[in-house]
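Before any comments, here is the structure.
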Protein chains: 2
Amino acid sequence: MDEKTKRLDTDERTALILQTAETLFEAHGVEQVSMHQIAQSAGVGQGTVYRRYANKGDLCMALMHRQFHKLQQHTAMILAQPVSFRQQLKDIVKAHIHFLESHVAFIETIHDTAMCAEKKQLFYESQPYQFLHGVLCTLLNKSVAAKQARPIQTDFTAHMMIASINPKVYLYLRKKKQYSEREIVDSFAQSFIDPLYYK
Amino acid sequence: MDEKTKRLDTDERTALILQTAETLFEAHGVEQVSMHQIAQSAGVGQGTVYRRYANKGDLCMALMHRQFHKLQQHTAMILAQPVSFRQQLKDIVKAHIHFLESHVAFIETIHDTAMCAEKKQLFYESQPYQFLHGVLCTLLNKSVAAKQARPIQTDFTAHMMIASINPKVYLYLRKKKQYSEREIVDSFAQSFIDPLYYK
DNA sequence: AATCATAACGGACAGCTGTCCGCATGTCAA
DNA sequence: TTGACATGCGGACAGCTGTCCGTTATGATT
C-alpha cells in the first residue's frame, strides 16, 4: 500500500479535528464544547474523533503537547542551574503553578476526565505526572542525602505535594478566596518546602 | 392542611429511597448504581429522587450524615484532650484518614460529583470541608501564636493539607503503590506536620 | 358534595459520553 | 479485471444525568 497518500489523509483529518477543537474551545470554553459538537463542526463522525482521542481530556492533552514539552524543558533548565536543591525545588513548583495558572481550563478538563469517572486513576500514570513526580523525588532525595533536609519519605512527599496543587483547589483559592498566583507560590514554599530544610 | 399525614408520607418515601440506595450500593458498588436504577428499584419516578437529592454525591452525603457527625464529635473530643497542638493536629489527621479509609467509595463519589463537572467547586462550601478546614486553621493559628510553630499562612496551609489527602491520591497510594494506612498517616505527619514545628 | 389550590409525583425528554457495526474505499494478488 | 482483504469512516445506539411539565392526590373552602 502507498503509505504516503493514506497517511496524509488521516493526518490531515487529525489536524482538522485538533484545529476545530481548539477553535471551538477558544470560542465557547472547553467545558461547554462536546465531543459531538467537535465532530459535527469538523465534518466527521463521532467515531472518527473517539478513535483518535478516547475522551475530551485526551484531546486536551494532545492540544497541550507542545506546552508540556516546553514546561519539561524549562524544568530541566532549572535543574541545571547552579543553585541549591531547595531553590530548584521552589523554582520548579513556581514554574508548574504558573503553568497551571496559564492553562487552567485545559488542565482542569484533563484532570477531570483522568480522575473522575471510574477511569481508574490513570492520571497518575500519565507522562507529565510521572515526570514531575520523578523530578521532585530526585530533588528531595538529593537534599536528604546531602543532609540539607530532614529524613522523609520522598516518594510519598512528592505525591502529596502534587496533590496539593491541583486545578480544583487552585481555582478555588484564586477565584473564591482571591489569592494571587504569587501568594500561592510563596505560601507553598513557606509551608511545605522551607520547613523540610534545616537552617 | 394536616402536616402530619403529608409529612409522614414524604418522609417514608425519602427513607425508602435511602434504604434502596444503600442496599443497591452495597450489592453492586456505589459506582455501578445509577440514579435511574435507584428510582426504579424504589418504585418511584426519577424526578422524585432528584427532587430530594441533586445527584448521587448528594445522596451519598445523606447516607453518610450520621458518620460525618460522629467524626466531628470525635474531632471535638481530640481538641479537648490535654496534649500539645501538634499532637492534636496529628490525631485529627489520623482520624480523618481513617475515616477516608473506611468510606472511600462514598467519599470518592461525593468528591467526584462536587468537584468534577462544572459544579463550581461547591465541595469547598460543604459543611464537612468547612469544619475540617476551620479546625486545622484554629490549631495552626494557636501553634503559631504560642511560638511553637513557624509563622505561616494558616488558611492556605489548611487548604493544602486537605487537598493532599483526597480520595483519588489516597486510593492510588493504597492500591497501586501498596502503602498501608499507617504509613500514610505517619509519613504525612513526618513531612507536613513535624517540620512546621520548632524543636 | 363540589370546587379549588397546591404540592408532589412520574416519566418523557434533551443532551452528553463512549461503543459498535455495517459499509465504503483503496490495495494487493492472481 | 476481478476478487479478497484490510483499514478506517459515519452515525446509530445504549446508558447515564438532570430537567421539565402534565397529571394526580390531598386538604381547604364554600
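The analysis underlying the following values was restricted to heavy atoms, covering all of them including side chains, and did not include hydrogens, waters or symmetry mates. Residue numbers begin at 1 in each chain, while the letters A, B, ... track the order of the sequences.
- Nearer the 5' end of DNA chain C, as judged by each residue's closest nucleotide, is the contact made by B:G45, out of A:G47 and B:G45.
- With a 4.5 Å cut-off on side-chain heavy atoms, A:R182 and A:D186 count as touching.
- If you check C:dG10, D:dC9, D:dT17 against the side chain of B:V44, the one that comes closest is C:dG10.
- Between C:dA8 and B:T10, no contact under 4.0 Å exists linking OP1 or OP2 to a side-chain N or O.
- With sequence neighbours left out, the ring pair (Phe, Tyr, Trp, His ring centres under 6.0 Å) criterion links A:H133 to A:H159.
- At least one side-chain heavy atom of A:L79 sits under 4.5 Å from a side-chain heavy atom of A:L139.
- Residue B:Y50 places its side chain closer to D:dT17 than to any other of D:dG10, D:dC9, D:dT17.
- What separates NE2 of A:H28 from P of C:dC16 is a distance of 12 Å, to the nearest Å.
- The distance between atom CG of B:D112 and atom P of C:dT17, rounded to the nearest whole Å, is 17 Å.
- The side chain of A:Q46 has C:dG18 as its nearest neighbour among D:dC9, C:dG18, C:dC9.
- Separating the CD atom of A:Q40 from the P atom of D:dA12 is a distance of 11 Å, rounded to the nearest angstrom.
- Whole-Å rounding puts the B:E12 CD to D:dT26 C1' distance at 16 Å.
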* Go through B:F99 and B:F68 one step at a time and tell me if the ring-ring contact (aromatic ring centres under 6.0 Å, His included) criterion holds. => CA-CA 9 Å; B:F99 187 76; B:F68 271 112; 5.1 Å; yes
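- In this entry the distance linking CZ of B:R52 with P of D:dT19 reads 16 Å, nearest Å.
- The nearest whole Å value for the distance from the CD atom in A:Q37 to the C1' atom in D:dG11 is 17 Å.
- The side chain of B:R13 contributes an N or O atom lying less than 4.0 Å from OP1 or OP2 of C:dC9.
- The nearest whole Å value for the distance from the NE2 atom in A:H36 to the C1' atom in D:dC9 is 16 Å.
- Note on B:A54: only backbone sugar-phosphate atoms sit closer than 4.0 angstrom, heavy atoms only; bases stay farther off.
- Looking at residues two or more places apart in sequence or on another chain, you find a ring pair (Phe, Tyr, Trp, His ring centres under 6.0 Å) between B:F25 and B:F106.
- Side-chain N/O atoms of A:R51 and base N/O atoms of C:dG18 include no donor-acceptor pair closer than 3.5 Å.
- One atom, OH of A:Y53, and another, P of C:dC16, lie 21 Å apart when rounded to the nearest Å.
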